[in-house]
Amino acid sequence: MTLTNWAGNIAFDAARVHRPSTVDRVREVVAGAERVRVLGSGHSFNDIADTPADLISVAGLPVEPRIDAAAGTVTVAGGVRYGQLAAFLDAQGYALHNLGSLPHISIAGAIATGTHGSGAALGNLATAVAGIELVTAGGDLVRLARGDADFPGAVVSLGTLGVVVGVTLDVRPAYTIRQFVFEHLPRSVLDARWEDIATAGYSVSLFTGWAGDTVDQLWLKLADGEEPDGFGAVPAGRAMHPIAAMPPESCTDQGGVPGPWHRRLPHFKLEFTPSSGEELQTEYFVARDDAVEAFAAIERLRHLVTPVLQISEIRVVAADELWLSPTYRRDSVALHFTWIQDAARVAPVVAALEEALAPLAARPHWGKVFHRAARPERLTDFLALRDRLDPDRKFSNAFVERHLAAE
Ligand SMILES: Cc1cc2nc3c(=O)[nH]c(=O)nc-3n(C[C@H](O)[C@H](O)[C@H](O)COP(=O)(O)OP(=O)(O)OC[C@H]3O[C@@H](n4cnc5c(N)ncnc54)[C@H](O)[C@@H]3O)c2cc1C
């Protein structure tokens with residue numbers, strides 16, 4: 001059976017797929033391979049994880065979560081999914097600072113692309129990484145920790161430095177979140193009150209089809225002590241799915257019912273395993289201060305965007321220091337598009353969006369559909385690190401050659 005990504009739009013080309021159950025076996029496979037790539041949970045929408053040679057999944061490595069209470073960290077196998085780790089942490093009275101919209105995504109795969117949730121004060125998921133353990137090209141086990149010179153280059157790595165077999169993440173005491181959904185936020189209010197809306201709670205998301213004079217939904221995920229403000233939008237009188245016409249059963253509880261962090265921060269419940277999604281996704285990051293300009297640029301393309309769009313999500317992410325991160329040194333607004341699954345119709349719209357957002361120095365999400373990435377500011381440093389750890393480019397692939405070329 002052909003191995004595909006979650007959305008089914010990428011059929012992996014790999015000659016061999018390895019599913020080692022020990023780190024020693026990972027080391028043997030890597031040492032013996034000429035070209036190798038790592039597959040996480042396959043949730044990316046482009047060929048970032050693909051290779052015509054050897055593909056390794058580390059999903060079968062022992063999970064072995066270990067909490068270090070004194071350091072405030074947990075160490076776990078890289079292939080573990082966030083939902084699985086979150087349940088373990090919560091049971092021990094601990095939490096992560098944030099989660100993405102879906103709990104089914106692997107930790108190593110998420111941090112490799114700079115996957116994020118929302119929250120003006122919250123960095124992307126890779127910013128919680130305090131250490132990584134990776135099998136490098138020669139089969140060596142290398143450990144890098146926050147504070148090491150190479151560390152900021154090694155976390156958002158696009159899978160090009162080695163196989164991440166272990167990750168150490170910062171943890172904090174478990175906390176409660178209340179989730180509120182509002183409908184029909186006046187579009188003019190989004191511009192006029194953008195900064196207030198972006199900072200209206202622990203985590204804020206907006207869903208829009210860019211079509212009318214309202215924003216479809218405002219989701220507030222509030223920590224203790226925060227009170228909901230809908231900015232003139234109408235409190236949803238019922239449970240909502242981000243696409244209002246879809247049934248809300250798969251969504252995490254709303255209506256302000258307090259719940260543990262890991263059952264409110266993702267939009268979707270862990271127990272509703274999504275099979276393959278009839279969708280494609282694209283996302284661009286611009287400076288949070290340029291959000292209103294970006295909204296206008298998107299709306300100027302409304303005639304192109306709306307016919308192929310299922311829904312857009314607007315989130316905010318705090319700046320970080322990770323070299324290839326799309327939010328490197330820039331407090332950002334993340335402009336997300338869930339498209340219909342029609343690559344041929346979506347491609348020209350993505351090209352038009354990219355052109356429209358280029359004056360705002362937009363950066364793409366590495367794991368979603370895009371054409372060209374602007375040259376990352378720290379690319380030279382990253383390539384020097386890559387050339388040291390992987391001089392023969394064993395971990396490279398067509399995606400990496402396309403988007404991380406020196407010139
Ligand atoms: C329904 C859905 C919802 C999503 N929601 C969000 C969201 O809320 N926020 C967001 O930012 N993104 C989101 N994404 C995108 C997703 O988080 C990213 O594409 C992420 O990188 C996928 O992780 P993965 O484990 O599936 O990695 P894969 O897609 O399998 O791989 C991605 C990259 O990680 C590398 N990699 C994977 N495992 C390892 C490892 N062990 N060692 C070294 N490299 C490795 C791969 O080589 C590849 O380069 C969503 C995607 C889907 C399908």
Side-chain angles (χ1 to χ4, degrees), residues 3-10 12 14 20 23 26 30 36-51 55-61 76-82 98-119 124-126 132-136 154-167 203 205 242 250 265-268 272-285 310 313 315 317 324-327 332 334-336 338 341 364-370 390 395-400 403-404:
L3 181 64
T4 69
N5 65 340
W6 174 84
N9 66 312
I10 301 286
F12 294 110
V23 171
V26 175
V30 171
V36 63
R37 204 69 193 147
V38 197
L39 180 63
S41 49
H43 283 87
S44 295
F45 289 86
N46 57 38
D47 59 343
I48 187 169
D50 200 12
T51 177
L55 193 62
I56 300 186
S57 160
V58 291
L61 293 183
V76 69
V80 169
R81 295 170 190 243
Y82 274 101
N98 208 356
L99 291 167
S101 63
L102 195 71
H104 307 85
I105 290 167
S106 89
I107 299 172
I111 65 173
T113 62
T115 287
H116 61 96
S118 191
N124 67 26
L125 303 187
I132 55 171
E133 201 169 13
L134 71 165
V135 174
T136 52
V155 185
V156 181
S157 70
L158 315 191
T160 52
L161 302 181
V163 185
V164 175
V165 291
V167 195
S203 175
S205 289
S250 58
L265 291 174
H267 302 326
F268 299 103
F272 277 77
T273 305
S275 50
S276 83
E278 284 284 301
E279 64 187 64
L280 298 173
Q281 297 185 6
T282 290
E283 193 167 33
Y284 294 104
F285 302 80
Q310 298 197 49
E313 183 175 7
R315 288 179 281 185
V317 190
L324 293 190
S325 166
T327 42
S332 301
L335 303 155
H336 165 91
T338 299
Q341 201 177 60
H365 190 306
W366 293 115
K368 301 187 180 181
V369 174
F370 66 96
D390 183 15
F395 284 100
S396 194
N397 69 354
F399 176 97
V400 172
H403 297 297
L404 297 186

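It should be emphasised that the depicted structure is a prediction, and the values quoted were computed from it without experimental measurement. Just so you know, ligand 1 is whichever comes first in the structure, and atom 1 is the first atom listed for that ligand. Positions are given from 1 along the sequence.
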Applying a 4.0 Å heavy-atom criterion (strictly less than), which segment of Thr113 is in contact with ligand 1: side chain, backbone, both, or neither? side chain
Give the numbers and elements of all ligand 1 atoms closer than 4.0 Å to a heavy atom of Lys368. 12 (N), 13 (C), 14 (N), 15 (C)
Is Leu102 touching ligand 1 with its side chain, its backbone, both, or neither, if touching means heavy atoms under 4.0 Å apart? side chain
Would you say Val163 and ligand 1 have an N/O pair spaced under 3.5 Å apart? no
Is Asn46 reaching over with its side chain to a backbone N or O of Lys368, donor-acceptor style, under 3.5 angstrom? yes
Can you find a side-chain donor-acceptor pair between Ser203 and Asn98 that sits under 3.5 Å? no
Do the side-chain N and O atoms of Glu279 and Gln281 include a donor-acceptor pair separated by under 3.5 angstrom? yes
So does Ala334 get a backbone contact from the side chain of Ser332, meaning a donor-acceptor N/O pair under 3.5 Å? no
Ligand 1 to Ser106, heavy atom cutoff 4.0 Å, flagged ligand atoms 25 (O)
Between Val164 and ligand 1, which part of the residue brings a heavy atom under 4.0 Å of the ligand: side chain, backbone, both or neither? both
Contact region, Arg81 to ligand 1, non-hydrogen atoms below 4.0 Å, reads neither
Check: Arg37 side chain, Ile48 main-chain N or O, donor-acceptor pair, under 3.5 Å: yes
By number and element, which atoms of ligand 1 are closer than 4.0 Å to a non-hydrogen atom of Ala112? 34 (O), 35 (C)
Would you say the side chain of Val400 lies within less than 4.5 Å of the side chain of Phe395, judging by non-hydrogen atoms? no
Per-atom filter on ligand 1: closer than 4.0 angstrom to a heavy atom of Arg315 are 7 (C), 8 (O), 9 (N)
Does an N or O from Val58, backbone or side chain, lie closer than 3.5 Å to an N or O of ligand 1? no
Is it the case that the side chain of Ser101 and the backbone of His267 share a donor-acceptor pair, with hydrogens and angles ignored and the cut-off at 3.5 Å? no
Over 60° means perpendicular and under 30° means parallel, so tell me whether His116 and Phe285 are parallel, tilted or perpendicular. perpendicular
Taking 4.0 angstrom as the limit and counting only heavy atoms of Ile48, give me the atoms of ligand 1 inside it, by number and element. 48 (C), 49 (O)
Answer with yes or no whether Gly162 contacts ligand 1, where contact means a heavy atom under 4.0 Å from a ligand atom. yes
Pick one of side chain, backbone, both or neither for how Trp366 approaches ligand 1, counting any non-hydrogen atom pair under 4.0 Å. neither
Closest approach of Ile105 to Ala110 (non-hydrogen atoms, all atoms of both residues): CG2-CB, 3.8 Å
So between Val36, Leu55, Thr115, whose heavy atom ends up nearest atom 17 (O) of ligand 1? Thr115
Quick one: CH2 on Trp6 to OG on Ser44, what's the gap to the nearest 0.5 Å? 11.5 Å
Heavy-atom contacts with Arg37 under 4.0 Å: which atoms of ligand 1 show up? List them by number with element. 49 (O)
Please determine if Ile105 has a nitrogen or oxygen closer than 3.5 Å to a nitrogen or oxygen of ligand 1. no
Answer with yes or no whether Gly79 contacts ligand 1, where contact means a heavy atom under 4.0 Å from a ligand atom. no
Should the proximity of Ser44 to ligand 1, defined as any heavy atom under 4.0 Å, be assigned to the side chain, the backbone, both, or neither? both
CG of Asp390 to OG of Ser157, rounded to nearest 0.5 Å, is 11.0 Å
Those residues that, when tested against Glu133, pass side chain to side chain contact (heavy atoms under 4.5 Å, CB included) (two or more places apart): Leu141, Val165
Those atoms of ligand 1 less than 4.0 Å from some heavy atom in Leu39: 30 (O)
Please identify which atoms of ligand 1 are closer than 4.0 Å to at least one heavy atom of Ser101. 3 (C), 4 (C), 5 (N), 6 (C), 7 (C), 8 (O)
